[in-house]
Undergrad: 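Here it is, the structure, as structure tokens.
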Amino acid sequence: MAEGTKDEGTSNAMWGGRFASGPAAIMEEINASIGFDKKLYAQDIRGSIAHATMLAHQGIISDEDKIKIIDGLNTILSEIKEGRFEFSRKLEDIHMNVEARLATLIGPAAGRLHTARSRNDQVALDFRLWVKEELQKVEIALTALISAFLTRAEEHADTVMPGFTHLQTAQPVTFGHHCMAYVEMFGRDRARVRHAIEHMDESPIGAAALAGTPYPIDRHMTAKALGFREPTRNSIDTVSDRDFALEFLSIAAICATHLSRLAEEIVIWSTPQFGFIRLSDAFSTGSSIMPQKKNPDAAELVRAKTGRINGSLIALLTVMKGLPLAYSKDMQEDKEQVFDAAESLELALAAMTGMVSDMTIRADKMKQAAGSGYSTATDLADWLVREAGLPFRDAHHATGKAVALAESRGCDLAELKLEDLQAINPAITSGVFDVLTVEASVASRVSFGGTAPQEVRRQIAWWRSRN
Ligand code: ARG
């Protein structure tokens, strides 16, 4: 046997009954999850306290043992919190690290804690509690971002900017309207978060290894103690299910995609060529060589975090896709993906909230850009339909001619002479000039959900009453 591949120690204290020797060093390394699942310590201890309380209530363990167990668990909780706990890789994971320490602290009573449960339902519980709490944090972070956008939308309900399709100037819109588009997106993300919390609000503990348990446990009691609506209904599904983690990652990926689109817009808007916004010093960096530069690093990193988060979703989907029911050790690979995605998402949401709140909106530049690129061409076509009775297709054609003429003269539509426009279509009167300005254009779009300032204000009020 090659050096370092066999551990000289004895077999595992938790499950070593039928093992003569310990694992190969490399086995220990691939098997251990303590390096990352120690993050679940608070959930693990909370779950064990609820379980021990229920066991005693049901007469499965004595009250005396229950008290020892709970005291010991609370000691361990402080030890970990205060950095005094020594995690051991030999003990694989957080569950066995806590249990082994409990045995040292309270003796044989510790061995009774694992009655009527398994690490399979234990890990399902701990991780679900963690994901549920994380979703609650994401919900709060999304509310803060939405609120930052509502403030900016209110300030800029009248600020005209070019609206784009294909990143080509399309029609004038207001910056407030554009902000509210993101409010809708992040509002849907938040609704997905709330729905997922509701979905995963079922307690796994008591499913045991996969088949349930012969002990007279009360799963409703533990569910209630741990803040779940009810216990899960099928013990096999309970220990096999990682939908809750996949759901978290899917939501994170969609939300990160929204953040990334916004980040991309911030990068574009803050270029000198666009100049629509100026990022605050707090959310940009300088260049070590080019003194004039102000780089949108935070936006770029938010955009990049999306790659990591999407990667985590695909990684866990791939881990889960071929697994037979019920638990397989493959599922231990769920945690790092979720932890990494959670950290990235929290950071991205916070950075974006900061950028949105702090950035300076350059209304003059936006307005100037809004008027270029013949952005009111559709208004001219609509005027021809409304005022001159032309079919829309003919109006579109006539407007195209007007745009070509303005282009050849190097001027805006509003700068064309009335005679020139009448040469294209004699029905055109001077009234047409009322709709060719960008302000008139946005003010006219009063349809529900449209860009008119009054309509945008109505949508802001709707969201204000729900945020
Ligand atoms: N560390 C394991 C995990 O994260 C805990 C469950 C282990 N269960 C087992 N039967 N080996 O998945």
Side-chain angles (χ1 to χ4, degrees), residues 7 11-19 22-24 26-48 50-51 73 76 80 85 87-102 111 113-134 200 203-213 222 226 232 235-249 312 315-342:
D7 189 87
S11 65
N12 187 292
M14 296 292 159
W15 42 253
R18 65 170 295 221
F19 286 77
I26 202 75
M27 175 61 201
E28 187 182 298
E29 192 174 339
I30 196 172
N31 202 31
S33 53
I34 188 63
F36 48 87
D37 69 12
K38 59 180 164 205
K39 235 188 165 80
L40 300 176
Y41 76 90
Q43 290 77 11
D44 193 72
I45 291 173
R46 198 158 15 118
S48 288
H51 183 65
L73 288 169
I76 296 170
I80 299 179
F85 190 93
F87 291 102
S88 156
R89 202 175 71 175
K90 280 202 175 0
L91 291 164
E92 272 188 53
D93 55 25
I94 185 64
H95 324 297
M96 300 213 287
N97 268 269
V98 170
E99 200 184 321
R101 177 69 184 139
L102 190 63
L113 172 61
H114 214 51
T115 314
R117 77 170 183 190
S118 145
R119 272 192 294 157
N120 296 350
D121 57 340
Q122 197 179 350
V123 74
L125 168 67
D126 295 1
F127 196 30
R128 198 183 278 233
L129 281 171
W130 193 93
V131 171
K132 209 178 127 186
E133 283 160 31
E134 182 59 32
M200 66 183 70
S203 169
I205 195 72
L210 80 165
T213 171
T222 39
L226 292 165
T232 54
S235 60
I236 298 175
D237 173 52
T238 302
V239 293
S240 312
D241 167 37
R242 290 296 180 272
D243 300 11
F244 67 91
L246 289 171
E247 221 168 323
F248 171 79
L249 290 171
S312 294
L316 188 57
L317 282 170
T318 311
V319 165
M320 297 305 295
K321 68 173 269 298
L323 296 187
L325 308 186
Y327 178 84
S328 294
K329 197 59 171 266
D330 311 49
M331 287 153 74
Q332 179 165 283
E333 292 284 317
D334 55 1
K335 288 168 221 51
E336 283 169 295
Q337 302 303 339
V338 169
F339 292 157
D340 189 77

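We count ligands from 1, going down the list as the structure has it; atoms in each ligand are counted the same way.
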Undergrad: Report, as yes or no, whether the 6.0 Å neighbourhood of atom CD1 on I30 holds more than 12 heavy atoms from other residues, nucleotides or ligands.
TA: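 Counting neighbours around CD1 of I30, 12 or fewer heavy atoms of other residues, nucleotides or ligands fall under 6.0 Å, so no.
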Undergrad: Testing V123, N120, L323 one by one against M331 for a side-chain contact (heavy atoms from CB on, under 4.5 Å), which residue passes?
TA: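 The option that passes is L323.
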Undergrad: Using a threshold of 4.0 angstrom between heavy atoms of the protein and any atom of ligand 1, which residues qualify?
TA: S33, D37, D93, H95, R119, N120, V123, Y327, Q332, K335
Undergrad: May I ask you to check whether over 12 heavy atoms, not counting those of K321, lie within 6.0 Å of atom NZ?
TA: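 No, the 6.0 Å shell around NZ holds no more than 12 heavy atoms from other groups.
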Undergrad: Should V239 and I236 count as side-chain neighbours, where that means a heavy-atom distance under 4.5 Å?
TA: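 A side-chain contact under 4.5 Å is absent here.
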Undergrad: Would you kindly check if the NZ (Lys) or CZ (Arg) of K132 is within the cone defined by 45 degrees around the ring axis of F244 and under 6.0 Å from the six-membered ring centre?
TA: no
Undergrad: Stepwise, does the salt bridge (charged side-chain N to carboxylate O under 4.0 Å, His left out) test hold for E92 with K329?
TA: CA-CA 12 Å; E92 272 188 53; K329 197 59 171 266; 3.2 Å; yes
